[in-house]
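Right, one structure below, let's go through it.
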Amino acid sequence: MEKINNIVGPAVPLRRSNVDTDQIIPAVFLKRVTKTGFEDALFSSWRQDPDFILNQPAYANPKVLVVGHDFGTGSSREHAVWALKDFGFRAVFGSRFGEIFRGNSGKQGLLVGVLKEDEIEQLWQAIEANPGVEAQVSLENKTVSIGDVSFSFEIDDYTRWRLMEGLDDIALTLRDEDAITAFERSRPAWMPKTIPALADTEPGTLAGELIELSGGTRE
């Protein structure tokens, strides 16, 4: 996961509220087995309308999305975050979000900042007055600026730290890799062990022994 501190790029005003995750990415796209390549799925139904905001050339290559209240409600699908990121978005600002969506975003490297409703309205107006205008986002200072409009946004300290350090759940665990390894080595022989990946399958290795016990071969 990339570290986030400053985000600079075009902003998009999505003047819609109560946008659930099925509207962000319809369920039909959840059959895919990858974590990338969902840019075509983002707001798929709405993008059939030529006048939809993301179909307008002025809002090409966006980085920041400014949304109405209750964005990301509904099912807990992580694909909603993947689709936003694959499309190019690095930050979303709104007045209220689905809690699971906000949690998934922090774990996947998407900044979600909370502002007051009147502040969202002012950001929308600033963008619409100059389509394609760049937003300036500082996670360190917790500020977002568009044109002459600037506000401080809310984000919990733990998520802010994770984003600035670029730590997803796996990276967080690996910070304690040495301690985990030492603990595993000290466990009594009769207790369950963590089996390593079947990379080294030579005779005498754990992976090799498992293959032999299962009646398999190393080819």
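This one's a predicted model, so the numbers in the text were calculated from it and none came from an experiment.
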Strictly distance-based, threshold 3.5 Å: is any side-chain N or O of [X] a donor or acceptor partner for the main-chain N or O of [Y]?
| X | Y | value |
| --- | --- | --- |
| Asp22 | Ala27 | yes |
| Thr159 | Asp156 | no |
| Asn141 | Thr143 | no |
| Trp82 | Phe38 | no |
| Thr21 | Ile24 | no |
| Arg90 | Lys85 | yes |
| Arg15 | Gly68 | no |

Practice problem: Report the C-alpha separation of Asn55 and Trp46 in whole Å, then their side-chain angles, then the decisive distance to 0.1 Å, and conclude whether the side chain to side chain contact (heavy atoms under 4.5 Å, CB included) test is met. | Solution: CA-CA 10 Å; Asn55 291 331; Trp46 295 344; over 6 Å; no

Verify the neighbour count for atom [atom1] of [X]: are there more than 12 heavy atoms of other residues, nucleotides or ligands below 6.0 Å?
| X | atom1 | value |
| --- | --- | --- |
| Glu128 | CD | yes |
| Asn6 | CG | yes |
| Asn61 | CG | no |

Quiz item: Cluster question for you: counting only ILVMFWY and a side-chain heavy-atom cut-off of under 4.5 Å, with indirect links fine, are Ile155 and Val8 together?
Solution: no

Quiz item: ring pair (Phe, Tyr, Trp, His ring centres under 6.0 Å) between Phe93 and Phe153: does it pass, once the steps are laid out?
Solution: CA-CA 8 Å; Phe93 293 97; Phe153 60 85; 5.1 Å; yes

Please determine if [X] and [Y] form a salt bridge, counting it only when a charged side-chain N lies under 4.0 Å from a carboxylate O.
| X | Y | result |
| --- | --- | --- |
| Lys107 | Glu78 | no |
| Arg162 | Asp169 | yes |
| Asp40 | Arg32 | yes |
| Lys116 | Glu121 | no |

Quiz item: With a 4.5 Å heavy-atom cut-off, do Val66 and Val12 have their side chains touching?
Solution: no

Quiz item: With side chains defined as the heavy atoms from C-beta onward, is the minimum distance between Ser95 and Phe71 less than 4.5 Å?
Solution: no

Practice problem: Taking the six-membered ring for Trp and the single ring otherwise, decide whether the centroids of Phe29 and His79 are under 6.0 Å apart. | Solution: no

